[in-house]
Amino acid sequence: MSVKERKDRERAERERLIVVTARELAEQQGWDAVTTRRLAERIEYSQPVLYSHFRGKREIIGAVALEGATELAAVVRDAASGAHGPRERVAALARAYLDFAEHNPAVYDALFQLDGGLAYAREDTPEPLKDAFAALFECLAEVADEGVDPGMFTEVFWAALHGLATLTRAGRLLPEDAEPRVELLVDRLAGA
């Protein structure tokens with residue numbers, strides 16, 4: 001292995017450590033606790049080393065969001081692939097999405113609530129974000145009513161899921177009614 005290859009590998013490992021540590025800290029204590037100083041202390045590198053990888057917290061949030069988008073896409077695809085029939089696939093997708101949001105609140109915030117400097121719904125949208133939407137689209141397009149744009153249907157269904165996730169997490173919706181809400185959403189929008 002050449003010196004350059006070794007340095008590139010070490011750099012990638014440091015960057016990965018920064019993202020993992022930021023995510024862990026955010027999941028434990030919230031994003032307000034994630035500062036470059038705390039990250040530098042936790043990973044045992046200086047702040048300038050951190051800044052050699054990321055220009056600041058915003059880019060770190062973006063990196064966590066991209067990682068989360070990849071995970072969300074995999075979770076949604078896995079859930080949908082294990083179900084039989086369009087309605088069951090949509091219900092499995094909805095449950096998987098809401099479970100992901102519940103169990104990964106800091107990642108969910110990085111994806112949808114915080115400014116990570118990422119472009120959404122544009123040509124320059126990063127591939128992991130496009131793929132997360134594609135994972136939803138793959139399942140939802142098949143249940144869109146005739147004459148309804150499948151992309152728009154996916155956006156509306158996703159917005160409804162996001163609303164449920166956000167309102168439940170904020171304590172605005174009773175958690176014990178989560179399953180009837182999913183059933184209502186699936187029946188009304190995707191009762192294929």
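Throughout, numbering of the chain's residues begins at 1 and tracks the sequence. Since the structure is predicted, the reported quantities are computational estimates derived from the model, not experimental observations.
- Y108 and H162 have their aromatic ring centers within a separation under 6.0 angstrom.
- Nearest approach of A83 to A92, heavy atoms of both residues: CB-CB, 4.1 Å.
- R77 and D131 are joined by a salt bridge, as a carboxylate oxygen and a charged side-chain nitrogen come within less than 4.0 angstrom of each other.
- Within the 4.5 Å cutoff, side-chain heavy atoms of L174 are placed close to those of R181.
- With hydrogens and angles ignored, the 3.5 Å screen pairs no side-chain donor or acceptor of R9 with any backbone N or O of K7.
- Between E183 and R95 there is a salt bridge, since at least one side-chain N of the basic residue sits less than 4.0 Å from a carboxylate O of the acidic one.
- Checked against a 6.0 Å centroid threshold, the rings of F137 and W158 do not count as neighbours.
- In terms of heavy atoms, A135 sits closest to V76 at O-CG1, 3.8 Å.
- Summarising the local packing, CZ of R55 is surrounded by 12 or fewer heavy atoms from other residues, nucleotides or ligands at distances under 6.0 Å.
- Between the side chain of D145 and the main chain of V148, no donor-acceptor pair closer than 3.5 Å is present.
- The two residues E59 and F54 make their nearest non-hydrogen contact at OE1-CA, 3.4 Å.
- The neighbour count for D32 CG, taken as heavy atoms of other residues, nucleotides or ligands under 6.0 Å away, does not exceed 12.
- Expressed to the nearest 0.5 Å, how far CG of L93 lies from OG1 of T154 amounts to 9.0 Å.
- Between L50 and I43 the shortest side-chain heavy-atom distance falls below 4.5 Å.
- Side-chain contact between R87 and V143 is absent, with no heavy-atom pair separated by less than 4.5 Å.
- To the nearest 0.5 angstrom, L136 atom CG is 7.5 Å from L161 atom CG.
- For the atom pair E24 CD and Q29 CD, the distance stands at 11.5 Å (nearest 0.5 Å).
- A donor-acceptor pair under 3.5 Å is formed between the side chain of K130 and the backbone N or O of E123.
- Comment: E142 engages R89 in a salt bridge, judged by a side-chain N to carboxylate O separation of less than 4.0 angstrom.
- A distance of 4.5 Å separates OH in Y120 from CG in L129, rounded to the nearest 0.5 Å.
- Closest of all the heavy-atom pairs between V19 and A63 is CG2-CB, 3.7 Å.
- Applying the ring-ring contact (aromatic ring centres under 6.0 Å, His included) criterion to F100, with sequence neighbours excluded, gives no partner residue.
- Here the shortest heavy-atom pairing between Q113 and T166 reads NE2-CG2, 4.0 Å.
- Listed for the K57 side chain is no donor-acceptor partner under 3.5 Å among the backbone atoms of T36.
- No side-chain heavy atom of P150 sits less than 4.5 Å from a side-chain heavy atom of L140.
- In this structure, OG1 in T35 is found 9.0 Å from CD1 in I60, a value given to the nearest 0.5 Å.
- Not a single salt bridge (Lys or Arg N to Asp or Glu O under 4.0 Å) links E88 to another residue, sequence neighbours left out.
- Using modelled atom types, one side-chain atom of E27 and one backbone atom of V107 make a donor-acceptor pair closer than 3.5 Å.
- Remark: E155 engages no residue in a side chain to side chain donor-acceptor pair (under 3.5 Å) (not counting sequence neighbours).
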Steps toward side-chain contact (heavy atoms from CB on, under 4.5 Å) verdict (L66, E127): CA-CA 9 Å; L66 293 176; E127 284 306 314; over 6 Å; no
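- Between F133 and L72 the shortest side-chain heavy-atom distance does not fall below 4.5 Å.
- When the side chains of ILVMFWY residues are joined at heavy-atom separations under 4.5 Å, either directly or via intervening members, L167 and L98 end up in a single hydrophobic cluster.
- Electrostatic pairing of R169 and E102 does not count as a salt bridge here, judged by no charged N lying under 4.0 Å from a carboxylate O.
- We find the CD1-NE2 distance between I18 and H53 to be 4.5 Å, quoted to the nearest 0.5 Å.
- Salt bridge present: R6 and E10 bring a charged side-chain N and a carboxylate O closer than 4.0 Å.
- A continuous path of hydrophobic side-chain contacts links V34 to V49 [ILVMFWY only; heavy atoms under 4.5 Å].
- Under the 4.5 Å side-chain criterion, counting only non-hydrogen atoms from C-beta, F157 is in contact with L185.
- Here the closest heavy-atom approach between residue S46 and residue A40 is recorded as C-CB, 3.9 Å.
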